[in-house]
Peer 1: 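Can you keep this structure in mind? I'll have questions shortly.
Reckoned from all heavy atoms, side chains included, excluding hydrogens, waters and symmetry mates.
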Amino acid sequence: MAEGEVKLEESWKHALGSEFSNPYMGELKRFLVAEKEAGKRIFPKGSEYFRALDLTPLDEVKVVILGQDPYHGFGQAHGLCFSVKPGVRIPPSLVNIYKEMETDLGIPPAKHGFLEHWAEQGVLLLNSVLTVEESQAASHQGKGWERFTDAVIRAVNDECDGVVFILWGSYAQKKAAFVDQQRHLVLKSAHPSPLSAHNGFLGSRPFSKANAYLQSIGKDPVDWRLPEQV
């Protein structure tokens, strides 16, 4: 996967350019090409693999929310963790995120699951793995994406100051364990999945805590309220 072939927002291209010349990215590209040639349907579509980075330039990152894999149902994934396209049923984890947001900030749940409004304000909605085969959860784990997204997190850790890392569940917490907590705020809780939300996610108040921290260091808070018309 040569750098020149990748359309990527300029600040990320500058920070991550060397990753694309790394052999593991070539292997990842060959894997994805072979999967498509075998007739497998891959989500999200190719132009949306790096959507999270394109919407949230490195120098504008205020908050990082880490997910694991894209949704594997038809029409769901579009490159942002926890987010689905307009018109798609809101997934269970996002239902719980909205529930916690209402408890925390008094914001009524949106009627859609499209989170680009957050991304445009500096909330990096990053999955650890950026592709998946239709109906095959976790099918692209261990193919190279994790190494690439580690580099994304490292770039934020090293090049930004005062970022809030919201780490839901043990997977996200392990992945971002190296984040410098002297320079950044790290908020940890259980995952919003229905399987674990009652073990510490609900009641954790991540949205108000993130905004209080951002304001304390002179940054604008995030407007977590999602526009109804998308």
Peer 1: Which heavy-atom pair separates Gly79 from Arg51 by the least distance, and what is that distance?
Peer 2: CA-CB, 4.0 Å

Peer 1: Out of the candidates Thr56, Ile153, Ile65, only one should pair with Leu126 under the side-chain contact (heavy atoms from CB on, under 4.5 Å) rule; please name it.
Peer 2: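 Option passing the side-chain contact (heavy atoms from CB on, under 4.5 Å) with Leu126: Ile153.
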
Peer 1: Is there a donor-acceptor pair closer than 3.5 Å between any side-chain N or O of Ser11 and the backbone N or O of Leu58?
Peer 2: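 Yes: the side chain of Ser11 pairs with the backbone of Leu58.
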
Peer 1: Are side-chain heavy atoms of Glu116 and Ser83 found at a separation under 4.5 Å?
Peer 2: no

Peer 1: Measuring only between side-chain heavy atoms, which start at C-beta, is Glu19 closer than 4.5 Å to Val152?
Peer 2: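 No - every pair of side-chain heavy atoms lies 4.5 Å or more apart.
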
Peer 1: Just wondering, do Tyr213 and Val63 contact through their side chains at under 4.5 Å, heavy atoms?
Peer 2: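 Side chain of Val63 against side chain of Tyr213, heavy atoms only: no contact under 4.5 Å found.
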
Peer 1: Tell me if a side-chain donor or acceptor on His184 pairs with a main-chain N or O of Phe165 at a distance below 3.5 Å.
Peer 2: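 A pair under 3.5 Å: no.
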
Peer 1: List the steps and the verdict of side chain to side chain contact (heavy atoms under 4.5 Å, CB included) for Lys143 and Thr131.
Peer 2: CA-CA 10 Å; Lys143 304 298 183 183; Thr131 57; over 6 Å; no

Peer 1: Any side-chain heavy atom of Asn96 within less than 4.5 Å of one from Pro194?
Peer 2: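 In short, these two side chains touch, coming nearer than 4.5 Å.
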
Peer 1: Quick check against the 3.5 Å criterion: does Gln173 have a side-chain atom that pairs as donor or acceptor with the backbone of Ser189?
Peer 2: yes

Peer 1: Determine whether the aromatic ring centres of Phe82 and His191 lie less than 6.0 Å apart.
Peer 2: yes

Peer 1: Do the side chain of Gln76 and the main chain of Val84 share a donor and acceptor less than 3.5 angstrom apart?
Peer 2: no

Peer 1: Anything under 30° is parallel, anything over 60° is perpendicular, the rest tilted; go ahead and classify Trp118 against Phe207.
Peer 2: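 Plane angle between 30° and 60°, so tilted.
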
Peer 1: Decide yes or no on side chain to side chain contact (heavy atoms under 4.5 Å, CB included) for Phe114 and Leu80, but give the supporting numbers first.
Peer 2: CA-CA 9 Å; Phe114 191 61; Leu80 305 182; over 6 Å; no

Peer 1: Can you give me the closest heavy-atom contact between Leu125 and Ala52, atom names plus distance?
Peer 2: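 Minimum heavy-atom separation between Leu125 and Ala52: O-CB, 3.4 Å.
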
Peer 1: Could you check whether any side-chain heavy atom of Leu214 comes within less than 4.5 Å of a side-chain heavy atom of Asp220, counting everything from C-beta outward?
Peer 2: no

Peer 1: Just wondering, do Leu53 and Glu9 contact through their side chains at under 4.5 Å, heavy atoms?
Peer 2: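 Of all side-chain heavy-atom pairs linking Leu53 with Glu9, none is under 4.5 Å.
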
Peer 1: Ring of Phe74, cation from Arg41 - is the NZ or CZ under 6.0 Å from the centre and inside 45° of the axis?
Peer 2: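 Checked: cation-pi criterion not met.
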
Peer 1: Taking all non-hydrogen atoms of both residues into account, name the closest pair between Ala77 and Phe43 and its distance.
Peer 2: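 For Ala77 and Phe43, the tightest heavy-atom pair comes out as CB-CB, 4.3 Å.
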
Peer 1: Determine, step by step, whether His14 and Glu10 satisfy the side-chain hydrogen bond (donor to acceptor under 3.5 Å, both in side chains) criterion, reporting the C-alpha distance in whole Å, the side-chain angles of both residues, the deciding distance to 0.1 Å, and the verdict.
Peer 2: CA-CA 6 Å; His14 178 73; Glu10 281 303 316; over 6 Å; no

Peer 1: Could you check whether any side-chain heavy atom of Leu130 comes within less than 4.5 Å of a side-chain heavy atom of Phe50, counting everything from C-beta outward?
Peer 2: yes

Peer 1: For Ala197 versus Pro192, what's the shortest heavy-atom pair and its separation?
Peer 2: CB-O, 3.6 Å

Peer 1: Is the shortest side-chain heavy-atom distance between Val163 and Val64 below 4.5 Å?
Peer 2: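 Yes, side chains in contact.
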
Peer 1: Hey, would you say the Phe148 and Tyr24 ring centroids sit under 6.0 Å apart?
Peer 2: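 Not close enough - the centres of the two rings lie 6.0 Å or further apart.
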
Peer 1: For Asp69 and Gln141, run side-chain hydrogen bond (donor to acceptor under 3.5 Å, both in side chains): C-alpha distance rounded to whole Å, both residues' side-chain angles, the deciding distance at 0.1 Å, then the answer.
Peer 2: CA-CA 8 Å; Asp69 288 274; Gln141 287 186 6; 2.8 Å; yes

Peer 1: Can you tell me which residue pairs pass the salt bridge (charged side-chain N to carboxylate O under 4.0 Å, His left out) test with a partner in residues 183-208, sequence neighbours excluded?
Peer 2: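 Pairs touching residues 183-208 that pass the test: Asp104-Arg205, Asp161-Arg183.
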
Peer 1: Does the pair Lys175/Glu146 count as a salt bridge with the N-to-O cut at 4.0 Å?
Peer 2: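 Looking at Glu146 together with Lys175, the answer is no, because their closest N to O distance does not fall below 4.0 Å.
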
Peer 1: Between Thr149 and Ser128 (side chain of the first, backbone of the second, donor and acceptor by atom type, cut-off under 3.5 Å), is there such a pair?
Peer 2: yes

